[in-house]
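See below for the structure under consideration.
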Amino acid sequence: MPAYTPPLRDMQFVLHEVLHAVDALKACPAHADADIETLNAVLEEGGKFAAEVAFPLNISGDHEGCTLDKATHEVQAPSGFKAAYQQYVAGGWPALSCDPEYGGQGLPFVVNQCFYEMLNSANQAWTMYPGLSHGAYECLHAHGTPEQKKTYLAKLVSGEWTGTMCLTEPHCGTDLGLLRSKAEPQADGSYKITGQKIFISAGEHDLTENILHLVLARLPDAPAGSKGISLFLVPKYHVQADGSLGARNPIFCSGLEHKMGIHGNATAQLMLDGATGTLVGQPNKGLQAMFVMMNAARLGVGNQSLGLTEVAYQNALAYAKDRLQMRSLSGAKAKDKPADPIIVHPDVRKMLLTAKAYAEGGRALMSYCALLLDQEINHPDEKVRKDSAELLALLTPIAKAFVSDNAWTATVMCQQVFGGHGYIKEWGMEQYVRDARINMIYEGTNTVQSLDLLGRKVLGNNGASLKKFGKLVAALVEQEGVNEKMAEFINPLAYLGEQMNKFTTEIGFKGMQNPDEVGAAAVDYLRVAGHLVFAYFFARMASVALKQIATGSQDPFYTAKLQTARFYFAKLLPETAMLMRTARAGGASLMDTEAALA
Ligand SMILES: Cc1cc2nc3c(=O)[nH]c(=O)nc-3n(C[C@H](O)[C@H](O)[C@H](O)COP(=O)(O)OP(=O)(O)OC[C@H]3O[C@@H](n4cnc5c(N)ncnc54)[C@H](O)[C@@H]3O)c2cc1C
């Protein structure tokens with residue numbers, strides 16, 4: 001049976017010693033009274049909820065899955081999920097970082113992000129029920145009409161109702177311009193929506209009495225393609241003027257997907273048979289409104305991946321210390337035992353350290369992104385808000401794709417540490433691998449994230465956002481370049497920063513001659529960019545650790561951090577050389593292959 005301990009010390013290190021989150025938050029009037037003690041206390045309590053309530057349901061939820069009653073179209077989540085959700089609501093957790101105007105606690109997003117990392121480690125499938133509601137809340141908060149906000153927001157904030165995100169149809173996933181669901185305007189200003197949606201996470205369940213579906217559909221006169229998509233709010237049950245629930249809206253679950261992982265989350269096929277909805281945002285501008293939810297969800301997927309990386313690492317580490325196999329190549333280490341624990345073997349250590357480095361780099365990146373979101377929304381200075389938004393937009397595809405690709409590698413490596421015991425169900429490791437796999441696919445596949453990064457966020461604005469991140473790297477290089485002890489971190493970071501500029505310009509030129517060159521390089525490009533970001537954060541973390549050690553700290557945490565940073569720079573960062581080489585090999589070997597792919 002796996003175990004989970006919330007990584008509170010590392011969270012506190014990232015928040016308080018590396019990012020100085022409280023100082024950044026205090027500059028925002030909404031968080032002027034932020035303080036370290038409150039943030040830590042909330043995370044400690046959140047960690048208890050994750051470890052004690054959500055975690056014990058992870059394996060049972062995976063075994064049991066969700067069940068659909070075909071006669072009533074109602075779905076039952078696995079045993080215990082509803083009670084855990086009620087506890088979550090009773091504890092006020094859904095309201096953590098929501099607007100006080102709608103009953104929220106108004107805490108920073110960065111706190112919610114850390115709390116959700118722990119929930120995802122504990123139970124990704126369960127966490128998706130409240131997680132999607134949060135995205136729906138953000139979308140309605142940004143684009144809802146005053147009437148919609150009044151009727152629905154407080155219910156999402158309290159957690160009494162959950163939300164979903166209904167984009168995908170059988171014939172359209174990545175290319176939403178193909179979607180066919182129709183919305184017919186009604187005399188009373190509402191719309192009747194007809195169509196089929198598939199793969200809708202938390203699309204039907206028994207955790208709450210009502211579900212708010214955010215549905216993309218086309219108006220009758222809509223232009224073809226993605227410019228003709230509108231967004232509608234379609235509640236499972238109508239809401240009456242006094243706030244009570246009215247008649248059932250005809251949006252029904254017609255089937256549940258049988259899938260590789262996240263069995264505890266209901267992935268629903270939904271039929272809309274003239275379901276009544278109200279427009280969110282402007283007609284034909286639905287994708288713009290939905291992007292608020294999609295961006296939140298993309299960061300959420302990075303966070304899911306971070307959670308799985310952390311929990312897989314914790315369990316693999318414990319197992320490697322306990323499992324005895326063979327002797328160390330450099331002589332017996334546990335002479336009193338018949339064999340050494342497998343942690344003595346270099347490759348086992350490599351697998352463990354890879355997962356640890358991916359978890360710690362991912363935590364720094366995800367927390368930084370959440371802090372940028374806090375600044376984008378709440379900072380009084382318009383320039384800070386704008387810069388934060390721009391950096392966050394650049395980092396979002398990296399947070400989604402780099403962290404989820406790493407989580408796949410990390411969970412597979414942690415499974416490998418268990419040998420054959422990782423492959424069987426008893427130890428819980430194969431579930432982490434299965435659960436991690438979806439994170440590379442949904443919310444826009446990782447290929448699509450790489451096109452978004454390279455095509456839109458980098459080349460689309462002539463590298464302006466990338467230069468903003470480059471300035472952060474340059475400032476760190478400038479500040480730490482004189483410190484000899486930092487040379488092992490700063491030199492490769494500075495080198496990669498320079499390489500990145502040349503690499504980007506090269507792809508940009510090639511792309512102007514042949515756009516397929518961008519598509520051919522994008523996935524490699526995103527991984528190089530991800531490593532640049534991780535190298536930046538590992539250098540910052542190493543700098544803090546070195547300073548603590550220099551001032552006499554005996555806390556082994558700092559030595560561990562330094563060793564992890566050294567491992568990252570020595571063993572993981574060099575992947576960038578290979579990635580740049582394969583990207584530079586260009587698109588011809590992919591595209592001039594008619595015979596090979598005939
Ligand atoms: C468990 C699960 C939960 C989900 N939850 C939700 C949800 O809550 N709401 C929702 O709306 N959807 C949801 N989805 C759908 C998910 O977001 C899509 O599956 C995903 O976006 C990919 O779409 P697709 O499956 O149609 O693949 P396709 O779009 O058909 O893509 C197939 C392959 O082609 C590649 N490809 C496509 N276009 C390009 C391109 N331009 N360049 C390069 N490669 C390309 C893709 O990367 C992929 O490898 C979920 C899916 C699953 C499996």
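Only this structure's heavy atoms are used, side chains among them; waters, hydrogens and symmetry mates stay out.
Remark: Arg584 engages Glu506 in a salt bridge, criterion side-chain N to carboxylate O under 4.0 Å. Under a 4.0 Å N-O distance rule, the pair Arg363/Glu310 qualifies as a salt bridge. At a threshold of 4.0 Å, the pair Arg581-Asp524 does not count as salt-bridged, since none of the basic side-chain nitrogens sits closer than that to a carboxylate oxygen. Ion pairing between Glu430 and Lys425 holds under the 4.0 Å rule for side-chain N and carboxylate O. Between Glu360 and Lys561 there is a salt bridge, since a side-chain N of the basic residue sits under 4.0 Å from a carboxylate O of the acidic one.
Looking only at side-chain heavy atoms (C-beta outward), Pro130 and Tyr116 come within less than 4.5 Å of each other. Between Leu306 and Leu365, the closest side-chain pair of non-hydrogen atoms is not below 4.5 Å. Considering only heavy atoms from C-beta on, Phe569 stays 4.5 Å or farther from Glu488 through its side chain. You'll find the side chain of Arg434 reaches within 4.5 Å of the side chain of His263, heavy atoms only. Met429 places a side-chain heavy atom less than 4.5 Å from the side chain of Cys414.
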Please determine whether salt bridge (charged side-chain N to carboxylate O under 4.0 Å, His left out) holds for the pair Glu575 and Arg527, giving the CA-CA distance in whole Å, both sets of side-chain angles, and the decisive distance to 0.1 Å. CA-CA 9 Å; Glu575 184 194 357; Arg527 263 203 91 68; 2.8 Å; yes

Output, in order, the C-alpha distance, side-chain angles, deciding distance and verdict of ring pair (Phe, Tyr, Trp, His ring centres under 6.0 Å) for Phe232 and His213. CA-CA 8 Å; Phe232 301 88; His213 301 282; over 10 Å; no

Go through it in stages, so that I can follow the logic: the residues are Val215 and Leu231, the test is side-chain contact (heavy atoms from CB on, under 4.5 Å), and I'd like the CA-CA distance, side-chain angles, deciding distance and then a yes or no. CA-CA 6 Å; Val215 180; Leu231 179 62; 5.8 Å; no

List the atom pairs, donor and acceptor, that lie under 3.5 Å between side-chain atoms in residues 344-355 and the rest of the protein, sequence neighbours left out.
| unit_1 | atom_1 | unit_2 | atom_2 | d |
| --- | --- | --- | --- | --- |
| His345 | NE2 | Gln325 | O | 2.9 |
| Arg349 | NH1 | Ile343 | O | 2.8 |
| Thr354 | OG1 | Lys350 | O | 2.7 |

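In summary, the side chains of Thr162 and His205 do present a donor paired with an acceptor at a separation below 3.5 Å, with no hydrogens or angles considered. There is no side-chain donor-acceptor pair under 3.5 Å between Asn284 and Lys227. For the residue pair Thr194 and Asp273, no side-chain donor N or O sits within less than 3.5 Å of a side-chain acceptor on the partner. Checking Asn123 against Thr127 by side-chain atom types alone, no donor-acceptor pair falls below 3.5 Å.
Aromatic ring orientation, Phe538 versus Tyr568: parallel (interplanar angle below 30°, classes split at 30° and 60°). Ring-plane geometry between Tyr525 and Phe503 is classed as parallel, the angle between the planes falling under 30 degrees on a 0 to 90 degree scale with a further cut at 60.
With Ser133 contributing its side chain and Gly163 its backbone, the two residues share a donor-acceptor pair below 3.5 Å. One N or O on the side chain of Lys197 and one on the backbone of Leu167 form a donor-acceptor pair closer than 3.5 Å.
Atoms OH and CE, on Tyr536 and Met541 in that order, are 11.5 Å from each other to the nearest 0.5 Å. Between the CG atom of Asn303 and the CD atom of Gln124 there is a distance of 10.0 Å, given to the nearest 0.5 Å. Once rounded to the nearest 0.5 Å, the distance linking CZ of Phe534 with OH of Tyr358 reads 8.0 Å. With values rounded to the nearest 0.5 angstrom, Asp435 atom CG is found 10.5 Å from Asn120 atom CG.
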